Every structure is written in C-alpha cells, then in structure tokens.
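First the structure, which I've put down as structure tokens, then a few questions once you've had a look.
Everything numeric in this text was worked out from a predicted model, so none of it was measured. As the structure lists them, so they are numbered: ligands from 1, and atoms in each ligand from 1. Counting from 1, the numbers follow the sequence of the chain as shown.
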Amino acid sequence: MTSTLHVGIIMDGNGRWAEGRRLPRSAGHRAGVRTVRKMVEYAPKLGVGALTVYAFSSDNWRRPPTEVRTLMRLLETYLNHETEHCLKQGVRIQFIGRRDRLARMLVAAIETAEERTKHCRALTLRIAVDYSSRDALVDAARAMAGSGRFDRESMKEALGTEDLDLVIRTAGEKRLSDFLLWECAYSEFVFTDKLWPDFQPSDLEAAIEIFRNRTRKFGGLVSKAS
Ligand code: FPP
C-alpha cells in the first residue's frame with residue numbers, strides 16, 4: 001500500500017445538514033469543521049499522504065455576506081486552534097487559492113500555520129480557499145509564458161499541486177465545481193449521498209477501499225489502483 005495517496009474532498013451538504021435540524025447554516029459549517037478534524041486524524045492511518053479539501057471556491061463569494069464571514073471566521077479559528085495539534089500529528093498545512101481578497105488576519109494565520117508546519121511529513125492538509133482551478137490554470141499559463149516553457153512539467157510546476165488519485169464529493173452532487181481540473185485528469189471519483197457533517201472516518205475508509213478495487217489504466221491496459 002502506498003502512503004502517498006492524494007485524496008481531494010469536495011465537502012458538500014453543510015447547509016442541508018443544518019436545515020434538516022432547523023439550525024442556522026453556520027451550525028452546519030461548524031459541524032463540517034469537526035468532520036475536517038476527524039479526517040485529518042484518520043487520513044494518515046488510511047495511507048493518505050495528502051488531503052486537499054475544498055473549503056471556499058472563488059464562486060462562493062456569491063453567498064450572503066454573513067455566510068461568507070462565518071466561513072472565513074471558521075477558517076481562522078481552525079488555524080488558531082488546530083495548528084498546534086497538526087504540528088504534534090506531523091500534519092503540514094498548506095493553502096491554495098487567492099490570498100489578496102482574504103482578511104489580513106486570516107492571511108497572517110495562514111502564513112503562520114504554513115511556516116510552523118512546513119517540516120511536517122505525516123500528512124499534507126491542503127485547504128483550497130478563494131480557489132478556482134480555471135484561474136489557477138490562467139495564472140500558470142501566464143507564468144509559463146514568462147518562462148517560455150510550454151509542456152506538462154512546466155504546467156505542473158507552475159500550478160504547484162500534485163495529481164489527485166481519488167476525489168470524493170459528498171451530499172449527492174456529481175460535479176467538479178472548478179476543483180483541481182488539471183490534477184483530476186486521471187482521478188477516480190467516489191460520490192456519496194452522505195452530507196459532509198455526517199461523513200465519518202469509516203466512509204473515508206470505504207471510499208479508499210472502492211478506489212483500491214478500481215482498475216486504473218491511464219489509457220493503457222494495466223493494473224489495479226494501489
Ligand atoms: C458546502 O456545503 C460547503 C462549503 C461551501 C464550505 C465547506 C467548508 C467547511 C466545511 C469549513 C472548512 C473549514 C476547514 C477548517 C477546512 P453547502 O453549504 O453548500 O451545503 P448545501 O449544498 O447543503 O447548502
């Protein structure tokens with residue numbers, strides 16, 4: 001079993017989870033953060049080396065300002081409370097996405113978390129915030145134009161991200177929603193009806209089991225996913 005499985009999660013269903021309980025949507029997002037914590041704890045035990053979670057897409061700015069504020073605060077609180085814990089667990093925290101539209105305090109918290117955990121190797125937790133894969137590709141194309149090198153390797157380098165082995169999306173939706181389009185070229189997809197706050201480590205384990213039983217051919221004729 002490889003210990004470098006790269007899993008991406010499109011966390012969906014926080015709002016529906018809250019609505020089902022007659023709670024404000026913010027309660028759903030708080031519950032969603034609890035699930036992130038559990039996944040970070042369990043992912044390394046399941047052979048995951050990198051976990052990319054889609055926390056806030058660039059299109060999420062269209063949500064009501066109160067909800068946007070809640071999500072931004074939750075991210076900052078997560079960093080302030082969890083960085084220490086991540087350090088102890090050997091979890092490296094990284095962010096992808098634009099930073100210029102985030103509050104200064106949040107950017108400071110991101111930079112601190114990235115710097116403090118940069119030596120950690122048990123798991124890379126990559127949090128996508130104000131992230132749009134199309135924008136990332138445009139930026140990468142611009143960097144490539146600057147260097148004059150136009151090939152797959154240069155694109156990979158300019159994007160700064162790795163290919164995803166497995167993408168999981170919760171809450172019954174079956175879309176990519178501008179998430180790591182280049183990096184998903186040969187990903188396996190697992191969709192579940194579970195709402196993100198209800199998603200358990202056993203669900204992650206089951207998704208990885210499904211992945212491992214898939215045959216990955218990369219266009220060729222070979223082998224099982226590993
Ligand atoms: C989608 O559910 C979820 C989001 C847009 C936000 C996900 C963010 C978190 C779980 C918090 C992230 C925090 C950390 C620490 C990474 P939705 O609100 O669109 O649900 P709905 O489709 O049921 O309305």
Side-chain angles (χ1 to χ4, degrees), residues 7-43 48 50-87 89 91-99 101-103 105-114 116-117 123-133 161 167-180 191-201 203-204:
V7 177
I9 306 187
I10 305 178
M11 307 177 287
D12 208 348
N14 295 349
R16 275 164 279 177
W17 183 91
E19 279 156 29
R21 287 165 176 73
R22 296 177 191 277
L23 294 169
R25 291 178 60 82
S26 56
H29 293 314
R30 276 200 304 277
V33 174
R34 288 197 287 276
T35 304
V36 171
R37 264 196 223 111
K38 282 192 235 173
M39 294 309 134
V40 170
E41 191 99 34
Y42 272 84
V48 178
L51 182 66
T52 302
V53 292
Y54 206 4
F56 191 89
S57 77
S58 294
D59 288 325
N60 285 149
W61 290 113
R62 296 194 189 130
R63 294 195 176 200
T66 47
E67 181 161 345
V68 170
R69 262 197 305 277
T70 297
L71 285 165
M72 294 298 164
R73 269 199 209 118
L74 281 174
L75 282 163
E76 198 177 321
T77 308
Y78 178 86
L79 291 174
N80 292 335
H81 288 174
E82 291 297 309
T83 301
E84 199 60 42
H85 190 51
C86 284
L87 258 176
Q89 288 179 281
V91 176
R92 177 175 195 179
I93 299 174
Q94 286 183 337
F95 276 71
I96 51 172
R98 284 177 66 164
R99 299 190 184 187
R101 298 190 286 197
L102 305 181
M105 293 286 278
L106 177 55
V107 175
I110 289 172
E111 287 171 357
T112 303
E114 287 184 332
R116 289 190 69 202
T117 61
L123 173 77
T124 297
L125 170 65
R126 199 167 287 130
I127 305 178
V129 174
D130 196 356
Y131 177 80
S132 151
S133 183
T161 41
V167 176
I168 299 168
R169 183 162 189 158
T170 57
E173 309 298 344
K174 295 176 182 69
R175 294 185 290 276
L176 261 181
S177 303
D178 205 6
F179 180 64
L180 293 166
F191 299 106
T192 169
D193 288 337
K194 281 242 173 130
L195 305 177
W196 177 246
D198 291 328
F199 195 81
Q200 299 298 324
D203 297 310
L204 179 62

* To do: Would you check if there is a donor-acceptor pair between the side chains of D178 and S132 at a distance under 3.5 Å?
  =>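 Yes - a donor-acceptor pair under 3.5 Å links their side chains.
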
* Asked: Would a 4.5 Å heavy-atom cut-off, applied to side chains only, mark F56 and I127 as touching?
  ->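 They are not in side-chain contact.
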
* Check whether NZ of the Lys or CZ of the Arg R21 lies under 6.0 Å from the centre of the six-membered ring of W17 and within 45 degrees of that ring's axis. =>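 R21 over W17 ring: yes.
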
* **Residue pair R126 / F95, side-chain heavy-atom distance below 4.5 Å** =>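 The answer is no, as the side chains (C-beta and beyond) never meet within the 4.5 Å cut-off.
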
Give every pair formed by an N or O atom of ligand 1 and a protein N or O atom closer than 3.5 Å, one pair per line with both atom names and the distance to 0.1 Å, or write none.
unit_1   : atom_1 : unit_2 : atom_2 : d
ligand 1 : 2 (O)  : G13    : N      : 3.3
ligand 1 : 2 (O)  : N14    : N      : 3.4
ligand 1 : 18 (O) : R25    : NH2    : 2.8
ligand 1 : 18 (O) : R63    : NH1    : 3.0
ligand 1 : 19 (O) : R63    : NH1    : 3.4
ligand 1 : 19 (O) : R63    : NH2    : 2.7
ligand 1 : 20 (O) : G13    : N      : 3.3
ligand 1 : 20 (O) : N14    : N      : 3.2
ligand 1 : 20 (O) : G15    : N      : 3.1
ligand 1 : 22 (O) : D12    : OD1    : 3.1
ligand 1 : 22 (O) : R16    : NH2    : 3.0
ligand 1 : 23 (O) : G15    : N      : 3.4
ligand 1 : 23 (O) : R16    : N      : 2.8
ligand 1 : 23 (O) : R16    : NE     : 2.8
ligand 1 : 24 (O) : R25    : NH1    : 3.1
ligand 1 : 24 (O) : R25    : NH2    : 3.2

* To do: Could you check if a side-chain atom of L102 sits within less than 4.5 angstrom of a side-chain atom of D130, using non-hydrogen atoms only?
  =>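 Contact flag for L102/D130 side chains = yes.
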
* Least distance between heavy atoms, Q94 atom then T124 atom ->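 The answer is OE1-CG2, 3.7 Å.
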
